[in-house]
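Just below is one structure, and these are the notes that go with it.
Basis for what follows: all heavy atoms, side chains included, without hydrogens, waters or symmetry-related copies. Reminder, nothing fancy here: chain letters follow the sequence lines and each chain counts from 1. Bear in mind that the values here come from a model prediction, so they are computed numbers and not experimental data.
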Amino acid sequence: MMERIETLGRTVEEAVQKALKELGVDREDVQINILEEPSKGLFGLRNRLARVEVVLDQNPGKVAKRFLENVLRIMQVKADMEIRHMGDYIHLNLRGANLGILIGRRGETLDALQYLTNLHVRKKCEHKGKIILDVEDYRSKREKTLARLAVRLAEEAKRTGRNIVLEPMNPHERRVVHTTLQGNRYVQTHSEGEEPYRKIIIVPKK
Amino acid sequence: MRELVEVLAKALVDDPRAVIVTEKEKDRSLVLELRVAPQDMGKVIGKQGRIAKAIRTVVKAMATKEGKRAVVEIGQEH
């Protein structure tokens, strides 16, 4: 993707519009430097055009947004994007109809897109934080489901006195389960196995 | 599909101009061959193939949407 462009126009505005069109972005995604103001020479002679430099804004949220917009355009998926900055984290939530394709089986596609977005952003800007990608609040809903599941299975472990082995989960999901049961007086949790098959075991305390 | 592989790869490499994606039909699937500059191989494969896997997952999602089968093969630019 082009990152910087210089254009000419009869007015500054005309030059800017031309640049935005060529870059295919909105005004909020760029920084505009006026290199030369237009001027009219005497008797209309030696008219000088406006010359502007338009540079894509490299803030992490915008870099991520542009990358995803590009990917979604090619996949022919229509979605609105909300960006929220929370400390070092940038939350990008996509909303729209039929976005299941972006989630995939157990969030597999969503995780892949999030991973690629993070690699791209880390490459473009010196961004130490993390981009969290979500589709229709899938992640937050899944977290709530996992937390409920964890509590229910902990009850079961306590009641039966037996270990309970959960299905394989990714690191983020495992953390949700560990955190949920951290303060539980009756059970302990730990993980076993290698990625991507690593899974949690809930062990009743003796 | 070819364009998708191209955009994903170009977003990750140091030398986007060396990214070439060709497509061909083979046994009723679409084979997308991605080639990048030698020094960029790691950027599209990753540790234990993690990046390659993510690229394949996203491409697979699009293929499923279009009712196709797609395979992404990765090689060095010759």
### Query
More than 12 heavy atoms of other residues, nucleotides or ligands under 6.0 Å from NZ of Lys62(A): is that the case?
yes

### Query
Nearest heavy-atom pair of Leu8(B) and Phe67(A): which atoms, and what distance?
CD2-CZ, 3.8 Å

#### Entry: Working for side-chain contact (heavy atoms from CB on, under 4.5 Å), residues Tyr115(A) and Ile55(B)
CA-CA 10 Å; Tyr115(A) 179 52; Ile55(B) 293 175; over 6 Å; no

### Query
Leu113(A), Leu116(A), Val121(A): which one forms the most heavy-atom pairs within less than 4.5 Å of chain B?
Leu116(A)

### Query
Is Arg73(A) atom CZ crowded by more than 12 heavy atoms from other residues, nucleotides or ligands, each under 6.0 Å away?
yes

### Task
Name the member of Thr109(A), Asp111(A), Val71(A) that forms the most heavy-atom pairs with chain B at distances under 4.5 Å.
Thr109(A)

### Summary
With Lys65(B) as partner, the option from Ile101(A), Leu102(A), Asn98(A) fulfilling side chain to side chain contact (heavy atoms under 4.5 Å, CB included) is Ile101(A)

### Task
Would you check if the side chain of Lys123(A) reaches a backbone N or O of Ala11(B) as a donor-acceptor pair within less than 3.5 Å?
no

### Message
With a sphere of 6.0 Å drawn around NZ of Lys130(A), does it hold more than 12 non-hydrogen atoms of other residues, nucleotides or ligands?
### Response
no

## Note on the structure
Contacts satisfying side chain to side chain donor-acceptor pair (under 3.5 Å) that involve residues 144-163 of chain A (not counting sequence neighbours) are none

### Message
Go through it in stages, so that I can follow the logic: the residues are Arg50(B) and Glu195(A), the test is side-chain contact (heavy atoms from CB on, under 4.5 Å), and I'd like the CA-CA distance, side-chain angles, deciding distance and then a yes or no.
### Response
CA-CA 11 Å; Arg50(B) 193 170 164 211; Glu195(A) 301 283 3; over 6 Å; no

### Query
Where does Gln114(A) contact chain B at under 4.5 Å (heavy atoms): side chain, backbone, both or neither?
neither

### Query
Given the rule in the side-chain contact (heavy atoms from CB on, under 4.5 Å) test, do Met75(A) and Val58(B) qualify, once you have shown the distances and angles that lead to the verdict?
CA-CA 9 Å; Met75(A) 293 177 87; Val58(B) 176; 4.3 Å; yes

### Task
Looking only at non-hydrogen atoms, find the nearest pair between Ala54(B) and Ala112(A) and report the distance.
O-CB, 3.6 Å

### Message
Counting only heavy atoms not in Arg198(A) (residues, nucleotides, ligands), do more than 12 fall under 6.0 Å from its CZ?
### Response
yes

